[in-house]
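Working notes, structure below.
Indexing begins at 1, ligand by ligand and atom by atom, following the structure's order.
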Amino acid sequence: MNRREFLGTTAATALAASGLGGSALAQAKVVLKATDVHPLGYPTVEAVVRMGKRLEAATNGRLSIQMFPSMQLGGEKEMIEQAQVGALQIARISLGPMGPLVPELNAFNLPFVFRDPAHMTKVVTGPIGDEMLKKLSDHPTANLIGLCWMNGGTRNVYNSKKPIRSAEDLKGLKIRMMGNPIFVDTMNAMGGNGVAMGFDQLVNALQTGVVDGAENNEPSYVSGQHFRYAKYYSMTEHLIIPEILVFSKRTWSTLSKEDQDLIMKESKAAQTEQWALWAEMEKKSIEDMKANGVEIVKLDTAAMADAVKKSVYEKHAKPLLPFIERIQAVK
Ligand code: BDP
């Protein structure tokens, strides 16, 4: 930690502890610690780094962001916990692991709930997306503020054994899923054996054969080096999960209204920027996959979608039906 960060953190901590907050803190330098599972240059990371530069410029260096990329502060579960207690301020995470915390958010975590990425984009950047951010921010125990959404593309199954063209092909394969019961049930309904595991453990688990495969968007598959151990990438398109940028409520309450508004404004700009960066990264990742001998398998997903909707929606979607109807009504 350099001197400025030390001062920033100390000031924030001391003022928060003394209950002064607000105007006194408006004078102090505040370094916001941010983290992401992905490396520098990845669209989500880049968008937050650029947001930090804009915050610095707008406040003459009083507010800044220090980025800890590449899981330096642990997996997403750890990131959420640290944001909740104020040990870090900004976490960019998948909405997946947020579902167990704020159940309404699971409306966006359901398999096949969005028709395609354009539908997801329209929903999360519109009134339903705003409402979900507010639900998170207003939640009494989540202790997080929802800042904005980011694009996490479409998730497809990959494995080391064989091309997947049907539920039959997935039989007996252990497929890593994110930590949310909806996802394990989704994989089981698709025909495989879902195994919940943190992203921070995945590359090792693929390498050692603890799991046969996983599922993710193309950029994560490439940038996470998963393509080295699991060469069959099948276009199951079962989940289109938005990503979310969250802020520690504990720190938020120590910031002035002006700083809160500025951070909100810049995070909305980060959202727009990330969407553009994502489109480029997706294209590039598909090229990288082809160049590295990945077999991209096209399949008819209708039967899988039916089976998954039947069992997963039956078990998890009942309280979410009003949201699902509204999501589907977005054309
Ligand atoms: C990636 C998300 C990241 C998740 C990861 C995962 O960007 O937030 O941690 O998937 O599968 O697509 O855990």
Side-chain angles (χ1 to χ4, degrees), residues 34-48 67-83 88 90-101 105 108-109 111 114 117 120 124 144 146-159 174-184 186-187 192 194-206 210-211 213-227 229-230 233 235-246 270-271 274-275 277-279 281-282 284-286 289:
T35 190
D36 195 307
V37 295
H38 298 299
L40 287 176
Y42 195 93
T44 50
V45 182
E46 180 62 20
V48 173
M67 171 56 76
F68 295 86
S70 307
M71 301 183 263
Q72 281 176 26
L73 304 181
E76 299 206 323
K77 192 167 168 285
E78 293 76 28
M79 288 159 55
I80 293 170
E81 287 164 4
Q82 290 171 71
L88 63 84
I90 300 176
R92 199 294 309 159
I93 48 193
S94 167
L95 193 65
M98 293 294 294
L101 232 64
L105 297 178
F108 291 172
N109 283 330
F114 297 112
M120 182 278 284
V124 305
L144 297 170
L147 291 182
C148 69
W149 299 106
M150 294 198 177
N151 192 351
T154 303
R155 297 175 78 100
N156 300 298
V157 172
Y158 47 90
N159 81 100
K174 290 193 287 290
I175 306 293
R176 176 271 175 177
M177 305 298 286
M178 284 193 284
N180 181 328
I182 290 182
F183 303 144
V184 172
T186 296
M187 183 41 64
V195 181
M197 183 185 282
F199 196 63
D200 48 323
Q201 278 149 35
L202 178 53
V203 76
N204 201 25
L206 286 168
V210 167
V211 292
E215 45 82 60
N216 220 316
N217 51 56
E218 295 86 347
S220 296
Y221 171 68
V222 172
S223 137
Q225 306 295 310
H226 302 172
F227 68 94
Y229 313 107
Y233 190 90
M235 305 302 288
T236 47
E237 299 177 343
H238 53 287
L239 286 165
I240 303 179
I241 308 177
E243 323 245 61
I244 187 167
L245 197 64
V246 299
Q271 169 174 313
Q274 192 271 348
W275 240 268
L277 292 167
W278 182 262
M281 177 80 173
E282 223 171 27
K284 189 182 170 299
S285 303
I286 294 169
M289 283 161 64

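Aromatic ring pairs are classed by plane angle as parallel below 30°, tilted from 30° to 60° and perpendicular above 60°; the pair Y233 and Y221 is tilted. Relative ring orientation between Y42 and W278 is described as perpendicular, the plane-to-plane angle rising above 60° on a 0-90° scale split at 30° and 60°.
Counting heavy atoms closer than 4.0 Å to ligand 1, residue D36 contributes nothing at all. Only side-chain heavy atoms of S220 come within less than 4.0 Å of ligand 1; its backbone N, CA, C and O stay farther off.
Taking CE from M79 and OG1 from T35, the interatomic distance works out to 4.5 Å, rounded to the nearest 0.5 Å. Rounding to the nearest 0.5 angstrom, the gap separating the NE2 atom in H226 from the CG atom in L202 is 4.0 Å. With rounding to the nearest 0.5 Å, the separation of CD in E81 from CG in L73 is 12.5 Å. Distance check, rounded to the nearest 0.5 Å: CG of L239 to CG of N109 gives 7.5 Å.
Nearest protein neighbour of atom 2 (C) of ligand 1, counting heavy atoms only, is E243 OE1, 3.3 Å. The closest protein non-hydrogen atom to atom 5 (C) of ligand 1 is F199 CD1, 3.6 Å. Looking from atom 12 (O) of ligand 1 to the surrounding protein, the closest heavy atom is N216 OD1, 2.6 Å. Protein heavy atom nearest atom 8 (O) of ligand 1, with residue, atom name and distance: E76 OE2, 2.5 Å.
Q271 pairs by the side chain to side chain contact (heavy atoms under 4.5 Å, CB included) definition with T125, C148, W149, W275, not counting sequence neighbours. For Q82, there are no side chain to side chain donor-acceptor pair (under 3.5 Å) partners at least two apart in sequence or on another chain.
Every atom of ligand 1 is numbered from 1 in the order shown, and the set under 4.0 Å from a heavy atom of M178 is 6 (C), 11 (O), 13 (O). Heavy-atom contacts of N217 reach the following atoms of ligand 1: 12 (O) (cutoff under 4.0 Å). Every atom of ligand 1 is numbered from 1 in the order shown, and the set under 4.0 Å from a heavy atom of H38 is 1 (C), 2 (C), 3 (C), 7 (O). The ligand atoms of ligand 1 that sit less than 4.0 angstrom from a heavy atom of S94 are 8 (O).
Of the polar atoms of R176, at least one N or O is found under 3.5 Å from an N or O of ligand 1, judged by distance alone.
Using a non-hydrogen distance threshold of 4.0 Å, R92 registers as a contact of ligand 1.
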